[in-house]
4 protein chains.
Amino acid sequence: MPRAVREQQMMDAAVQTFGQRGYRAASMDEIAELAGVSKPLVYLYLNSKEDLFTACIRREAQALIAAVRDAAEPDLAADRQLWAGLLAFFTHTAEHPDAWAVLHRQARTHGEPFAAEVVVMRDEIVAFVSLLIGAAARETHRADELAERDVMALAQALVGAAESLAGWANETPGVSAKEAAGTLMNFAWQGLGTLMAGERWSPAGKV
Amino acid sequence: MPRAVREQQMMDAAVQTFGQRGYRAASMDEIAELAGVSKPLVYLYLNSKEDLFTACIRREAQALIAAVRDAAEPDLAADRQLWAGLLAFFTHTAEHPDAWAVLHRQARTHGEPFAAEVVVMRDEIVAFVSLLIGAAARETHRADELAERDVMALAQALVGAAESLAGWANETPGVSAKEAAGTLMNFAWQGLGTLMAGERWSPAGKV
Amino acid sequence: MPRAVREQQMMDAAVQTFGQRGYRAASMDEIAELAGVSKPLVYLYLNSKEDLFTACIRREAQALIAAVRDAAEPDLAADRQLWAGLLAFFTHTAEHPDAWAVLHRQARTHGEPFAAEVVVMRDEIVAFVSLLIGAAARETHRADELAERDVMALAQALVGAAESLAGWANETPGVSAKEAAGTLMNFAWQGLGTLMAGERWSPAGKV
Amino acid sequence: MPRAVREQQMMDAAVQTFGQRGYRAASMDEIAELAGVSKPLVYLYLNSKEDLFTACIRREAQALIAAVRDAAEPDLAADRQLWAGLLAFFTHTAEHPDAWAVLHRQARTHGEPFAAEVVVMRDEIVAFVSLLIGAAARETHRADELAERDVMALAQALVGAAESLAGWANETPGVSAKEAAGTLMNFAWQGLGTLMAGERWSPAGKV
DNA sequence: CATGAATGAGCTTTCATTCAT
DNA sequence: AATGAATGAAAGCTCATTCAT
């Protein structure tokens, strides 16, 4: 069996094991057995547990980014792009729960070398969302109302909400990707709208 | 030294170690040394690593819940209660980063027994937020517009966004709890408002 | 059983195993079993295989140096001191063949960290021998005939010959320490005598 | 490429690797890569690591013996033959440090099967030196003074001193083979001379 | 003639856990 | 009430060695 194929099999097994057991609790023995190969072969092809984990993170991050990127066609309006991206995001995470666990939970929990990999991916997504927010602001001619930092914070909150909903949708039976995306659009986009319309909430009272 | 005090010292050391190293990487040796006691004493008082971790999760969950609960005085308006709760949440997580790491990262990353503990806490918070959303809906006389499930999903998204912002605020220098809470209120409460005002976003076009 | 005693037992087992199997071929399992303890205890007390090996080298080097030092009483004439030292050297190495193997073979064969330890010991011995050669030169009033470098080279050769003879004496049944020491004295001291008497061998013919 | 050539290339790589890393630390992978062939080919030609090591020892032992043998022309006087042999010995070991490391350090450090190979070579050299000593004794007509066993012990000491000096000369910059050989001749041959002249050192006093 | 693919066995090291005192 | 002493079990990693082609 050619090396490239075996490598993918190993990474499939690794993603599954890391996602379910966690990085430390996952043993190379288990991964090798699940992949149907011997442990030395895993080391021969992927060097070390750390390298294997990093390779998994990278592969799954690429896949998730690609899913979101491919869904949002640049010709659409900003809100339609966001909708398509969210739908793709919820669909992809629902279809690859172990990969999502690796990216969202494991990679961020086990130290800099791994967390940094995910930060890159997350920053790409946040940047993409920021772009859409900016585009939406321009579309409604109120760009001046939103400072750079506000856009960042909003994007952070939106992505965070999406990540949280992804977990909830995966664990709650009967919640579809469409429903999750719809909830988030209703929750966020509308708020964004009024926000750009100039209304602000403050502890002293609405402005 | 009385037992109760010793136990708290051990749990302090455990929270710190678990939060920084992670559940698996934290060793009982390190925890015992940090607590200034011998290892057998830790076992005598807290039985096992699992039990110790569970005890930490429970203690810190209680503390976080209490902080949020105590902040939101029931006499205030729903939006003021949410604001106070969010502020307390961001303040508490910023002041106890290791405890927050234990709850948000470690507990959810290392298997059912622990994740379940956090789910209890999270559900309490989500229920609390749902309550406020419901109250707000009643205050604006549009309760019928929001189905039970929508409320749940919104609460999930709000809590998820808060969790995400908590991490972002802790890691980004110069972002205060007040600022984080303000961003979230602007982002969410407004959206909630228009939502309750009957406007919906849908892929087919705004309604 | 107190720690200090156990540590010596472990080092005894380690010296034996390292001496017979070699550093790499000796397994911590075997050492632990020979010492009558579990492997973790060996690590608890002696940290690592490298540290254990280093500790063995140091202990045995000290013991050998002490044996030679204690034998050569400073009041004696230089030749008697050398005789006593050689006798002690051959006796000690014959009585502790594994220790001698560790020092002479293993330590020098497995890289700088270990070889350096032995170099220290060897340099001490070489210095001691150089001292005696110098003393002998003064006793015969021909100190000016022997340059510093010649003394060093002679000491090197003498120590080398002694090391070689130690191996030979250990492996050849019926060769006593006394005999080995006698051979070396005859071989070397006499040559030293004539050398200091001014005679030299050169490829061009005797001078 | 003919088999014989490939085999020599492999053994060159093996000698270098064994000499620098040691028998156990040297991996067949590294040897194969250094030789520029695949691992199975090494096994096809040389059977096993043990066999490969043995082959290296044998080849290098032959080479060293040959160098010494060829240098000492049988027509010369005994002292000139010894001089020539020593010079060749120091020159050869200086020019092939890895080979010398294999013979002097590695082979003797890793168990009987290999040490025995070197013993054969060493015995050949010792026998050769013994021969010269005997010849010298006959030349000076004092053969009766030197018992067979004394000759052996002297040869052992001489060879040991030479081995020790070889290491010293290789590691000390600026010490040439000629110088090392000269030192040894001065040190040993002279002693031999007086010895054969009937003088002995004994603990009871000179005879 | 030569190799890419694959593994059984063994190594060092760590850790949660328990006695005996 | 508290600990020094000790271990069973398992993990990451490496290596000599062999097939099928």
Side-chain angles (χ1 to χ4, degrees), chain A residues 1-7 10 21 23-33 35-53, chain B residues 1-3 6 23-32 36-53, chain C residues 1-7 10 23-32 35-53, chain D residues 1-3 6 23-32 36-53:
Chain A
M1 186 166 308
R3 171 168 181 156
V5 176
R6 273 271 193 262
E7 267 183 5
M10 290 176 193
R21 294 251 188 284
Y23 174 63
R24 297 275 310 216
S27 85
M28 295 298 271
D29 271 294
E30 190 179 357
I31 292 170
E33 187 178 336
V37 297
S38 71
K39 216 179 357 169
L41 200 59
V42 180
Y43 278 91
L44 188 62
Y45 285 178
L46 290 145
N47 292 324
S48 71
K49 197 183 186 184
E50 281 202 14
D51 282 6
L52 173 55
F53 193 41
Chain B
M1 185 169 309
R3 168 163 181 160
R6 272 266 201 269
Y23 174 63
R24 296 277 308 212
S27 83
M28 295 297 272
D29 272 288
E30 190 177 358
I31 292 170
V37 296
S38 74
K39 228 183 339 175
L41 199 59
V42 179
Y43 278 88
L44 188 63
Y45 284 1
L46 290 144
N47 293 321
S48 72
K49 195 182 186 184
E50 281 203 13
D51 284 4
L52 173 56
F53 193 43
Chain C
M1 184 165 310
R3 171 166 182 158
V5 176
R6 273 270 193 262
E7 268 183 3
M10 291 176 192
Y23 174 64
R24 298 274 312 216
S27 85
M28 295 298 271
D29 271 293
E30 190 179 356
I31 292 171
V37 297
S38 72
K39 221 180 353 172
L41 200 60
V42 180
Y43 278 90
L44 189 61
Y45 285 178
L46 290 144
N47 292 324
S48 71
K49 197 184 187 183
E50 279 203 16
D51 281 6
L52 173 55
F53 193 41
Chain D
M1 185 168 307
R3 168 163 181 162
R6 272 265 202 265
Y23 174 62
R24 296 277 307 211
S27 82
M28 296 297 273
D29 273 289
E30 190 178 358
I31 292 170
V37 297
S38 73
K39 228 182 340 174
L41 199 59
V42 179
Y43 278 88
L44 187 63
Y45 284 1
L46 290 144
N47 292 321
S48 72
K49 194 184 188 184
E50 281 203 12
D51 283 4
L52 172 56
F53 192 42

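First the proteins, then the strands, lettered A, B, ... as listed; each starts at 1.
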Distance below 4.0 Å between B:Arg6 side-chain N/O and F:dA1 OP1 or OP2:
no
What contact category does D:Ala32 fall into here, base, sugar-phosphate, or nothing, at under 4.0 angstrom with non-hydrogen atoms?
nothing
Any residue meeting side chain to side chain contact (heavy atoms under 4.5 Å, CB included) with C:Asn47, in chain and number order, not counting sequence neighbours
C:Asp51
Nearest-Å distance, CD (B:Glu30) to P (E:dT14)?
14 Å
Could you tell me how far apart B:Leu41 (CG) and E:dA16 (P) are, to the nearest whole angstrom?
17 Å
Sorted by chain and residue number, the side chain to side chain donor-acceptor pair (under 3.5 Å) partners of D:Lys39 (sequence neighbours excluded) come out as D:Asp29
note: B:Asp51, atom CG; E:dA16, atom P; distance rounded to Å ~ 14 Å
Rounded to the Å, how far apart are C:Met1 CE and F:dA5 P?
12 Å
Taken in chain and number order and not counting sequence neighbours, the residues that satisfy side chain to side chain donor-acceptor pair (under 3.5 Å) with C:Arg6 are C:Gln9
Quick one: does NZ or CZ of A:Arg24 land under 6.0 Å from the six-membered ring centre of B:Tyr23, within 45 degrees of the ring axis?
no
What's D:Ala26 touching, base or sugar-phosphate or nothing? Going by heavy atoms closer than 4.0 Å.
sugar-phosphate
Wobble G-U and Watson-Crick pairs count when both distances are under 3.5 Å; given that, what is the 5' to 3' dot-bracket string of DNA chain F, with | for pairing to other strands?
.||||||||||||||||||||
Nucleotide N/O of nucleotides 17-21 of chain F paired with protein N/O under 3.5 Å:
from, atom 1, to, atom 2, distance (Å)
F:dT17, OP2, D:Tyr43, OH, 3.1
F:dT17, OP2, D:Lys49, N, 2.9
F:dT17, O4, D:Lys39, NZ, 2.6

Between D:Leu52 (CG) and F:dC15 (P), how many Å, whole number?
16 Å
Are C:Arg3 and F:dA6 close enough that a side-chain N or O sits under 4.0 Å from OP1 or OP2?
no
Starting from P on F:dC13, measure out to CD1 on A:Ile31 and report it in whole angstrom.
11 Å
Among all residues two or more places apart in sequence or in another chain, which pass the side chain to side chain contact (heavy atoms under 4.5 Å, CB included) test with A:Glu33?
none
By side chain to side chain donor-acceptor pair (under 3.5 Å), A:Glu50 pairs with (sequence neighbours left out) none
When you measure from the side-chain N and O atoms of D:Arg24 to the phosphate of F:dC15, is any distance below 4.0 Å, counting only OP1 and OP2?
no
For D:Tyr45 and for C:Tyr23, find the nucleotide of DNA chain E with the closest heavy atom, then tell me which residue's nucleotide is more 5'.
D:Tyr45
Separation of E:dT12 atom C1' from C:Leu44 atom CG, nearest Å, is 16 Å
Applying side chain to side chain donor-acceptor pair (under 3.5 Å), can you list everything that pairs with A:Arg21, at least two apart in sequence or on another chain?
A:Glu30
Starting from the C-alpha separation in whole Å, work towards a yes-or-no answer on side chain to side chain contact (heavy atoms under 4.5 Å, CB included) for C:Lys49 and C:Ile31.
CA-CA 10 Å; C:Lys49 197 184 187 183; C:Ile31 292 171; 5.8 Å; no
Closest-nucleotide 5' rank along DNA chain E - winner of D:Ser38 and A:Ser38
D:Ser38
